[in-house]
Visitor: 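Take this structure first; my questions come after.
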Amino acid sequence: MVFKNKLNCFRQTFCLIFLLFLSGYTVNAQEDLLSLLEEEPTVNYTSAAFKTNRVINLHSIEHTAKGVLDFKISHRFGFLNGGFYELFGLDNASIRLGLDYGITDRIQIGWGRSSFEKTYDGYAKLKLLRQSTGARKMPISASIFGSMAVQTLRWPNPDRENLFTSRLYYTTQVIIGSKINDNLSLQVSPTLVHRNLVATTAVSNDVYAIGFAGRVKITSRLAINAEYIFVLPDQISPDYRNSISLGIDLETGGHVFQLHFTNSTSMIEKGFITETVGNWADGGVHFGFNVSRVFTVVKPKFD
Amino acid sequence: MNFMKIKILAAAILMISAFSVDAQRYFTREAKIDFISDAPMEQIEAHNSSATTVLDISNGQLEFAVLIKAFLFEKALMQEHFNENYMESDKFPKANFKGNIQNPEAVKWGVDGTYPIEVSGKMTIHGVTRDVTAPGTIVISGGAVSASSSFAIAVADYDIEIPSVVREKIAKEVAINVNVNFQELK
């Protein structure tokens, strides 16, 4: 009886030692170590649907990053159909100097001054949705944009009672866009422009329009942009046309150069949406550019 | 009775060994990887503090997975260019390293101290895999395992193109610093 017990003990000990060897063996085997960890789901936010926060005239779905100040110099020369006498428009220029700033990655504000009708403008742009893949899938990005513009030309009739509020213009816009793939980005911008004072009762103070814009990326540093703004009928004088613009983005380090042709003279919403006079068919087109230079004002913190 | 003792002893050894099996592997999801490009006209730094790594001390096997979009730059535009134009992060979201400590016997894992090591293996960046060897240090302090390494890689080795306009601003060789505080993998 005692003997039998001893044998049992032997067996068990043996068994344990064998297990011990086995455990040592598995440890030494080479395997895919990272697969031991569960993959942590990450959200991959889509970036750079457009190269800057403007397509051409329209605001793009992109925002200025947090703590970054973007200084923009925008230029539109005269109409090409001015011919050789006007050196195809180069004798005249309309300019807007602007600053864009990212308070957060989702809130952008800006200010600008246009020579066209001596207009000051200020805006805020708030990102509502961010396109993403991975743990959270969102096919589109969306922002809401609001701006106010003050036209400061001298009153044409200083003798009558002129109200400051007559100088004001408001724009509200929803920007919905998607980077379809690496090369193609599209966006649509339903817009309402409100003019406090209009020339006649025949035109409306509120103007509804829809902007369409797209980008085709040719190389990592070159892209083609196009935009078209459709103003819904019977709101503005028939002398005004829909804005059509075509251009390229060129990127060189800290600068983005946007070179384009557009039939709009103004570079702010109330102007290029409701007061575009150029006609592409007879050369009523401006050559123009936007130059963007960014400065990091608030440096991000790293741990 | 004697056999009983042996049995208990064997069970104890097994338990200890089972415990040490647990302590054979270390990992973290918060490894720090920095790189510095020191070019004549511009110094660029980027920081990543969410690299994943696993170390098996029984055989010195070491792996890293690094999310490229998790590199943070001081300038947002640089970060965008890094992901869009150079690393093509949507196409190649992660960089990987799979290799071994070449001299695992040089490290006394149970004893506090600083041990120089050499690591070699295969590094994949931008979809291109290269053999790399780098010096490093393992520090054991109060049972905690940490590791660091500094080495340089040539940008051209990984098919990352630098256009001529920024050639003075981006270094051909980028210095990489790795700092890991391991946790036990249970």
Side-chain angles (χ1 to χ4, degrees), chain A residues 5-10 12-17 19-20 23-24 26-37 39-40 42 44-48 51 62 64-68 70 102 105 133-134 179 181-182 217 219-221 251-256 292 294-296 299-303, chain B residues 2-4 6-7 9-11 13-14 17-18 20-21 24-25 27 29 32 34 42 45-50 52-56 58-59 61-65 67 69-70 72-81 83-86 88-91 93 96 98 100 161 163 165-166 169 185:
Chain A
N5 256 342
K6 276 182 181 173
L7 196 70
N8 257 344
C9 276
F10 256 133
Q12 282 178 19
T13 313
F14 228 77
C15 197
L16 282 170
I17 289 168
L19 271 173
L20 186 65
S23 82
T26 52
V27 165
N28 278 319
Q30 290 265 342
E31 56 185 313
D32 191 358
L33 285 180
L34 286 167
S35 65
L36 297 174
L37 301 179
E39 183 91 9
E40 279 205 327
T42 52
N44 183 15
Y45 290 109
T46 306
S47 62
K51 287 215 187 282
E62 292 302 324
T64 302
K66 181 184 178 180
V68 174
D70 185 346
D105 283 337
T133 55
K179 190 176 185 177
N181 56 43
D182 258 0
K217 197 165 141 186
T219 72
S220 58
R221 287 163 193 86
E251 202 168 26
T252 64
H255 292 89
V256 179
S292 155
V294 294
F295 302 92
T296 303
K299 291 178 180 174
K301 286 189 182 71
F302 307 109
D303 41 310
Chain B
N2 228 353
F3 284 111
M4 200 65 179
I6 292 170
K7 197 169 102 176
L9 190 69
I13 289 170
L14 179 61
S17 89
S20 71
V21 165
Q24 299 277 322
R25 291 184 181 129
F27 84 108
R29 294 181 195 278
K32 288 194 169 125
D34 300 341
E42 192 144 25
E45 278 181 42
H47 308 269
N48 187 332
S49 53
S50 60
T52 301
T53 176
V54 181
L55 166 68
D56 188 331
S58 69
N59 55 8
Q61 205 187 337
L62 181 64
E63 291 185 9
F64 281 89
L67 192 64
K69 278 196 175 176
L72 302 178
F73 290 67
E74 203 167 88
K75 294 182 179 171
L77 190 64
M78 274 184 188
Q79 191 169 322
E80 186 179 311
H81 289 170
N83 286 305
E84 282 285 305
N85 302 349
Y86 298 98
E88 301 176 84
S89 306
D90 285 326
K91 229 194 262 173
N96 282 301
K98 278 175 196 262
N100 282 85
E161 225 178 290
V165 277
V166 291
K169 293 182 176 176
L185 179 60

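Residue numbers begin at 1 in each chain, while the letters A, B, ... track the order of the sequences.
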Visitor: Using 0.5 Å steps for rounding, measure from the CG atom of A:Asp70 to the CG atom of B:Leu77.
Guide: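 Result: 9.0 Å between the selected atoms.
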Visitor: Which atom names give the shortest non-hydrogen contact between B:Ser89 and B:Lys69, and what distance separates them?
Guide: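 Between these two residues, the closest heavy atoms are CB-CG, 3.8 Å.
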Visitor: With no hydrogens and no angle check, do the side chains of B:Asn48 and B:Ser50 hold a donor and an acceptor under 3.5 Å apart?
Guide: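 Side-chain D/A pair, B:Asn48 to B:Ser50: present.
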Visitor: Taking side chain as everything from C-beta outward and backbone as N, CA, C, O, which of these in A:Phe295 sits under 4.5 Å from a heavy atom of chain B? Side chain, backbone, both or neither.
Guide: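 No part of it gets close to chain B.
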Visitor: For A:Lys217, is it the side chain, the backbone, both, or neither that has a heavy atom closer than 4.5 Å to a heavy atom of chain B?
Guide: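 Contact with chain B is through the side chain of A:Lys217 alone.
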Visitor: For A:Lys66, is the NZ atom crowded, meaning more than 12 foreign heavy atoms sit under 6.0 Å from it?
Guide: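 Not more than 12 within 6.0 Å, no.
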Visitor: Counting only non-hydrogen atoms closer than 4.5 Å, does B:Glu74 touch chain A with its backbone (N, CA, C, O), its side chain (CB onward), both, or neither?
Guide: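 For B:Glu74, backbone and side chain are both near chain A.
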Visitor: Do the side chains of A:Lys179 and B:Glu84 get close enough for a salt bridge, i.e. N-O under 4.0 angstrom?
Guide: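 Counted as a salt bridge, because a side-chain N and a carboxylate O are separated by less than 4.0 Å.
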Visitor: Return the CG to CG distance between B:Asn59 and B:Asn100, rounded to the nearest 0.5 Å.
Guide: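 Nearest 0.5 Å value for the CG-CG distance: 6.5 Å.
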Visitor: At a 4.5 Å cut-off on heavy atoms, which part of B:Lys98 comes close to chain A: side chain, backbone, both, or neither?
Guide: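 Just the side chain, heavy atoms under 4.5 Å.
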Visitor: Which answer fits A:Asp105, side chain, backbone, both or neither, if we ask what part of it has an atom under 4.5 Å from a heavy atom of chain B?
Guide: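 The answer is neither part of A:Asp105.
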Visitor: For B:Asn85, is it the side chain, the backbone, both or neither that has a heavy atom under 4.5 Å from a heavy atom of chain A?
Guide: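 For B:Asn85, backbone and side chain are both near chain A.
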Visitor: So what's closer than 4.5 Å to chain A heavy atoms on B:Phe64: side chain, backbone, both or neither?
Guide: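 Contact with chain A: backbone only.
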Visitor: I'd like to know whether A:Thr133 forms a side chain to side chain contact (heavy atoms under 4.5 Å, CB included) with B:Asp90, so could you lay out the CA-CA distance, the side-chain angles of the two residues, the decisive distance to 0.1 Å, and finally the verdict.
Guide: CA-CA 10 Å; A:Thr133 55; B:Asp90 285 326; over 6 Å; no
Visitor: Which bit of A:Thr296 comes within less than 4.5 Å of chain B, counting heavy atoms only: side chain, backbone, both or neither?
Guide: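 Side chain only.
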Visitor: Using non-hydrogen atoms and a 4.5 Å limit, figure out which bit of A:Ser47 sits close to chain B: side chain, backbone, both or neither.
Guide: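 Both parts, backbone and side chain.
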Visitor: Flag the one option from B:Leu72, B:Val166, B:Thr52 with the top tally of heavy-atom pairs under 4.5 Å to chain A.
Guide: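 Maximum pair count with chain A is reached by B:Leu72.
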